[in-house]
Number of protein chains: 2
Amino acid sequence: MAVIVTTDYGAAMSSASVQFRTLKAFRAEFDFSSEAICSRILERHRGTIRTQKPHVAVARLVRIIQTTLALSNRQGFHSMSLRELATASGLSMGALYTYFDSKDTLLMMILDEVWSAVSATLGNPPETLAEDPVRRLRWLLETHVYLTETMQPWFLFAYMEAKAFPKEGREKARRSELATESLIADALADGVRCGQFSVANIELTAALIKPLLQDWYVKRGKYHRRGVSPEGYVQTVISFVESAILLRTTR
Amino acid sequence: MAVIVTTDYGAAMSSASVQFRTLKAFRAEFDFSSEAICSRILERHRGTIRTQKPHVAVARLVRIIQTTLALSNRQGFHSMSLRELATASGLSMGALYTYFDSKDTLLMMILDEVWSAVSATLGNPPETLAEDPVRRLRWLLETHVYLTETMQPWFLFAYMEAKAFPKEGREKARRSELATESLIADALADGVRCGQFSVANIELTAALIKPLLQDWYVKRGKYHRRGVSPEGYVQTVISFVESAILLRTTR
DNA sequence: GTCTATAATCCGATAGAC
DNA sequence: GTCTATCGGATTATAGAC
C-alpha cells in the first residue's frame with residue numbers, strides 16, 4: 001500500500017500554521033530605529049564628532065547616514081561623492097567633516113553598527129530554546145529576517161560594499177558571516193543529535209540556508225512587489241527548510 | 001504504525017544517486033571560453049573597435065576584459081581606474097581607447113555577453129524534456145550552475161554592478177532575471193499539473209530557488225574552500241529543492 | 001596602431017571668514 | 001558650528017608624435 005506524503009510547505013503560510021513571532025514583537029524587544037542607532041554611533045565616536053549638543057548631533061547623523069545609505073545602495077558607496085552627499089542631505093562639505101574625518105570613517109561607522117546589531121540579536125537566543133533545536137532554528141531564521149527587515153538599507157549596504165572594505169573591515173565581515181552560519185549549523189547539529197533532523201552535510205546545509213535569508217534584504221523589491229510580508233517570508237523559509245531536513249513520521 | 005520518511009537529500013551526493021550531466025558535458029555543448037566570448041564581442045562592436053586584424057583584436061580584448069573582471073570583482077568597477085586597467089593589462093591608456101570609446105561601453109560589452117549567454121543556454125531546453133517537468137527542472141538548475149561556473153567572473157560582475165547600470169542596462173538586467181525565474185516557475189507549474197509537485201505558491205518558490213543558484217557564483221570562495229564541486233552543488237541544490245516540492249510516495 | 005603628454009573635470013579634504 | 005573658497009591630486013578622455 002502506498003502512503004502519500006505531501007511536502008506542502010506552503011501550508012505554513014495559511015492561517016492554520018504554527019504561530020511565529022511577529023515583526024512587531026521583534027521591534028518591541030529591540031530598538032533599531034535610525035535615532036537609536038545614531039546615538040550609539042555618537043557615543044562610539046565622541047572623539048571625532050565635534051558637535052557638542054547630543055540631540056543636534058544625532059539629528060544630523062540621521063540625515064547624513066540615511067542619505068549615504070540611499071545614494072550608496074543606488075550607485076555604490078565609492079561612486080557617491082561627498083558633494084552629492086552634502087547637497088542631498090542639506091549640509092555643506094565643511095559641515096560633513098565635523099561628523100567624520102574621512103570618507104572611510106563614515107563607511108566604518110555604518111558597518112560597525114550592522115555587525116553590532118547582528119551579535120546583539122542572533123548572539124543571544126532565549127535560554128528556553130537551548131534544548132529545543134527545532135524552535136531554536138525557527139527563532140534564528142525569524143530573528144534574522146526581522147532584523148534585516150528593520151535595518152534593510154544598512155544590511156544591503158554592508159553586503160554590497162563588503163568587497164571594498166579597507167582590509168580590517170573585510171576580515172570583520174568574514175567573521176560575522178561565519179558566526180551566523182555557525183549558529184545555524186549548531187542548531188542543525190543539535191537537531192540531528194536529538195533525532196529531529198536528518199542532515200547529511202551540516203556545514204553545506206547551513207551554507208545553503210544563508211542565501212535564503214540574505215535574499216530578503218538584497219532583493220527586497222522583488223518580494224515587496226509581490227506583496228510578501230516579513231512574516232510571510234519567515235514562514236515560507238522555515239517551511240522550505242524544515243521540509244528538507246525534518247525527520248517526518250506519518251500516521 | 002508509523003512510517004518513517006527521511007528527507008535525506010544529502011544522499012544524492014553519494015555515488016548511489018541519480019546521474020546528472022557533468023560540467024564537462026556542458027562545456028562540450030557550449031563554448032564559453034574567453035576567446036569565444038571575445039570574438040562575439042568583436043563582431044558585435046566592429047563599429048567602435050578600430051583594430052583591423054581579428055586575431056590581434058580578440059587577443060587584446062581577452063586581456064582587457066579578464067583584467068577588468070579581476071580588478072572589478074575585487075574592488076568594484078567604478079573604483080577601478082583606467083590607469084590601473086592599462087598597467088595591469090600591459091596596454092597604454094591610448095591603446096585601451098581603440099577598443100572602447102568610454103568606460104561605460106566597456107561595462108556594457110561585458111554585460112551584454114552575460115545576458116546573451118543566459119538566453120542561449122537556459123532559453124533552449126531540449127525538446128525531449130518538454131513533457132517531463134521533474135527532469136526539466138533538474139536540467140534548468142544544473143545548466144544554470146554549469147553556465148555560471150564557466151563564466152563565474154562575468155556573472156559575479158553583472159550581479160555586483162547591476163545597480164550602477166546606466167539605466168537601459170538596469171532594465172535589461174531586470175528582464176533577464178525575471179526570465180530565468182519564469183523558466184523555473186513554468187517547470188514548477190507543469191509539475192503541479194502532472195501531479196508530480198506540490199507547490200502552494202509557484203512564483204514565491206521560484207523566487208526562493210534563484211538565490212540558491214546565485215550563491216554558487218556570488219560566494220564561490222565559500223564553496224571552493226569546502227571542496228564542493230560544481231556537480232556536488234548541483235546535486236545538493238536539486239535534492240534540497242525536490243525534497244521541498246516533490247509529491248512523495250513510500251512503499 | 002600604439003605610445004606619451006596633456007586637457008578638462010572631478011575628487012576628498014582643509015583653511016579661514018563669519 | 002557652519003559656510004564658502006580653494007588646494008593638491010586623481011580621474012576620464014583626447015591630441016599628436018612615431
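So that the names make sense, note that chain A is the first sequence line, chain B the second, and so on, each numbered from 1.
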Under-3.5 Å N/O pairs linking protein and nucleotides 2-4 of chain C:
from, atom 1, to, atom 2, distance (Å)
C:dT2, OP1, B:Arg60, NE, 3.2
C:dT2, OP1, B:Arg60, NH2, 3.0
C:dC3, OP2, B:Ser92, N, 3.1
C:dC3, OP2, B:Ser92, OG, 2.7

Between the CG atom in B:Leu147 and the CZ atom in B:Arg27, the distance rounded to the nearest 0.5 Å is 10.5 Å

To the nearest 0.5 Å, what is the distance between CE on A:Met108 and CD on A:Glu113?
11.5 Å

Roughly how many Å is it from CZ in B:Phe100 to P in D:dT14, rounded to a whole number?
11 Å

Sorted by number, the residues of residues 70-80 of chain B with heavy-atom contact under 4.0 Å to DNA chain D
B:Met80

Under a 4.0 Å heavy-atom cut-off, which of residues 102-114 of chain A touch DNA chain D?
none

Considering residues at least two apart in sequence or located in another chain, which fulfil the salt bridge (charged side-chain N to carboxylate O under 4.0 Å, His left out) criterion with A:Arg63?
none

A:Asp112: what forms a salt bridge (charged side-chain N to carboxylate O under 4.0 Å, His left out) with it, not counting sequence neighbours?
A:Lys172

Ring geometry between A:Phe32 and A:Phe30 (parallel below 30°, tilted from 30 to 60°, perpendicular above 60°):
parallel

Non-neighbouring partners of A:Lys167 that pass side chain to side chain contact (heavy atoms under 4.5 Å, CB included), sequence neighbours left out:
A:Arg170

Can you give me every donor-acceptor pair (side chain of residues 88-105 of chain A, partner residue at least two apart or in another chain, under 3.5 Å) with its distance?
from, atom 1, to, atom 2, distance (Å)
A:Ser89, OG, A:Leu85, O, 2.6
A:Ser89, OG, A:Ala86, O, 3.3
A:Ser92, OG, A:Ala95, N, 3.1
A:Thr98, OG1, A:Ala95, O, 2.7
A:Tyr99, OH, A:Thr51, OG1, 3.0
A:Asp101, OD1, A:Thr105, OG1, 2.6
A:Ser102, OG, A:Asp104, N, 3.3
A:Ser102, OG, A:Thr105, N, 3.2
A:Ser102, OG, A:Thr105, OG1, 3.2
A:Lys103, NZ, A:Phe77, O, 3.2
A:Lys103, NZ, A:His78, O, 3.3
A:Lys103, NZ, A:Met80, O, 2.8

What residues form a ring pair (Phe, Tyr, Trp, His ring centres under 6.0 Å) with B:His45, not counting sequence neighbours?
none

Any chance the rings of B:Phe155 and B:Tyr159 have centres within less than 6.0 Å?
no

Taking only residues two or more places apart in sequence or in another chain, which ones pass salt bridge (charged side-chain N to carboxylate O under 4.0 Å, His left out) with B:Glu149?
B:Arg220

Set of residues satisfying side chain to side chain contact (heavy atoms under 4.5 Å, CB included) with respect to A:Ser39, sequence neighbours excluded
A:Val58

Which residues share a salt bridge (charged side-chain N to carboxylate O under 4.0 Å, His left out) with A:Glu35, sequence neighbours left out
none

Trace of the side-chain contact (heavy atoms from CB on, under 4.5 Å) decision for B:Glu177 with B:Lys210:
CA-CA 9 Å; B:Glu177 176 129 3; B:Lys210 198 84 201 303; 3.5 Å; yes

Could I get a table of every N or O pair under 3.5 Å where one atom is in the protein and the other is in nucleotides 6-10 of chain C?
none

A:Leu85 CG to C:dG12 P, straight-line distance once rounded to whole Å
9 Å

Which whole-number value in Å describes the distance from B:Glu84 CD to D:dT11 P?
7 Å

